[in-house]
There are 2 protein chains.
Amino acid sequence: MDQAKKNRLEAKGWKVGTVSDFLELTPEESILVEIKLALSQSLKERRQKLMTQSDLASRISSSQPRIAKAENGDASVSIELLFRAILATGATPQDIGEIIASVS
Amino acid sequence: MDQAKKNRLEAKGWKVGTVSDFLELTPEESILVEIKLALSQSLKERRQKLMTQSDLASRISSSQPRIAKAENGDASVSIELLFRAILATGATPQDIGEIIASVS
DNA sequence: CGTAAATATATCAGATATGATATAAATCGA
DNA sequence: TCGATTTATATCATATCTGATATATTTACG
């Protein structure tokens, strides 16, 4: 993984390699991160067409700041919350399946 | 939702309706539950062809009991863990996408 | 049968994710 | 440019999920 990408991920709270730069993510860990980022991006795109972050937050009993984090690929956001948010934009399981299938 | 299905879900820790039987799951909540159950089932099928629960557990630094719960659709298991486990069976994002797209 | 391997259930302390709140920063019209 | 709306960041107490451990139960098979 190049340094630029690593920096981008680490800014969002991802632990890309611990203890200096020797450890890398395993392939599976990478895929998981990429899936989350793909979900984030898709959430942002879908939500922007329909409503504000606050609107979406109240629909799923969450908070505007949490939606902001979800859309920015913050590491503290679970796939769970990403799914709930995306579903609240009207996405179907098929839609989510496609987002995930598009990874890697 | 019929009583039999409700009982099945509640046995696994899902809160299907609170305060007596008046509250139902919203469509989105239902989809989320169904996605998790689909992932559980798929995990079980894939893992059984390849290894024991203990084997899989050690591959993802988890524990055999947690894999058991994951495969049984226990409500305490996150989508996160389900993904990690399924990926450890060699599943690709495409595979996971298909599992999710097959829901509903 | 018996017994060993695999799976399921129970419990728990620690880690992580949560919504809430406050507020800063950015964006957008008038 | 300015005020208002939207989005981002920071902090925090609580809830949820975690792996670990112990152990019960089931399954496979001699």
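In what follows, chains are A, B, ... by sequence order, proteins preceding strands, each numbered from 1. Everything numeric in this text was worked out from a predicted model, so none of it was measured.
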Nucleotide D:dC17, atom C1' - distance to CH2 of B:W14 in whole Å: 12 Å

Answer with base, sugar-phosphate or nothing: what part of the nucleic acid does B:K12 contact at a heavy-atom distance below 4.0 Å? nothing

Roughly how far apart are A:I86 CD1 and B:E28 CD, rounded to 0.5 Å? 12.5 Å

Check whether any side-chain heavy atom of A:I31 sits under 4.5 Å from a side-chain heavy atom of B:F83, and report yes or no. no

At their closest point, which heavy atom of A:K44 faces which heavy atom of A:N72, and how far apart are they? NZ-OD1, 3.5 Å

Output the residues of residues 66-91 of chain B in contact with DNA chain C, where contact means a heavy atom of the residue under 4.0 Å from an atom of the strand; sort by number or write none. B:A68, B:N72

Between A:R66 and A:S76, is there a side-chain donor-acceptor contact under 3.5 Å, judged purely by atom types and distance? yes

When rounded to whole Å, the CD1 to P distance for the pair A:I60 and C:dG19 reads 7 Å

Could you check how far CG of B:L56 sits from P of C:dT7, rounded to whole Å? 10 Å

Nucleotide D:dA8, atom P - distance to CD of A:Q64 in whole Å: 8 Å

Does a side-chain N or O from B:K44 land closer than 4.0 Å to OP1 or OP2 of C:dA6, or not? no

Can you name the nearest heavy-atom pair linking B:K36 to B:L82, along with the distance? O-CD1, 4.0 Å

Separation between OG1 (B:T26) and CG (A:L87), nearest 0.5 Å, reads 9.0 Å

How would you label the contact of A:S62 with the nucleic acid (heavy atoms, under 4.0 Å): base, sugar-phosphate, or nothing? sugar-phosphate

Distance, rounded to the nearest Å, where A:L43 contributes CG and D:dA8 contributes C1': 15 Å

Do B:L9 and B:L37 have side-chain heavy atoms sitting under 4.5 Å apart? yes

Does A:Q53 have a side-chain nitrogen or oxygen under 4.0 Å from the phosphate oxygens OP1 or OP2 of D:dA8? yes

Once rounded to the nearest 0.5 Å, what's the spacing between atom CD of B:Q48 and atom OG1 of B:T89? 12.0 Å

Protein proximity profile, nucleotides 24-30 of chain C - base contact B, sugar-phosphate-only contact S, no contact -, cut-off 4.0 Å on heavy atoms: -------

Do B:E71 side-chain atoms and B:Q41 backbone N/O form a donor-acceptor pair below 3.5 Å? no

